[in-house]
Amino acid sequence: MERGPAVFAGTAFALFGAALLLWTGARVLHRAPVVYRVSPAVSTALATVFGVLFLVLGVWCFGHV
């Protein structure tokens, strides 16, 4: 992967993953629904999994710079 696109993609993935995890954590701490009309356990689990996945993908992109 070229350096410029790898840095941009890594930054975008890492920021989105961190923001998703932060937002999910804040919603859970305030006992607010993460997603409306969905089971709280399922929505929290999926949001957490995708947040971690995006963070890992961002780190992987940074590793290929």
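Computed over heavy atoms, backbone and side chain alike; hydrogens, waters and symmetry mates excluded. All residue numbers in this chain count up from 1 along the given sequence.
Minimum heavy-atom separation, Ala9 to Cys61: CB-SG, 4.2 Å.
Residues Thr11 and Phe8 fail the side-chain proximity criterion, which asks for heavy atoms closer than 4.5 Å.
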Could you give the side-chain donor-acceptor pairs of residues 37-55 under 3.5 Å, partners two or more places apart or in another chain?
unit_1 : atom_1 : unit_2 : atom_2 : d
Ser43  : OG     : Ser39  : O      : 3.2
Ser43  : OG     : Pro40  : O      : 3.2
Thr44  : OG1    : Pro40  : O      : 2.8
Thr48  : OG1    : Thr44  : O      : 2.8

Without placing hydrogens or testing angles, list every side-chain donor-acceptor pair under 3.5 Å for residues 14-27, not counting sequence neighbours.
unit_1 : atom_1 : unit_2 : atom_2 : d
Thr24  : OG1    : Leu20  : O      : 2.7
Arg27  : NE     : Pro33  : O      : 3.1
Arg27  : NH2    : Pro33  : O      : 2.8

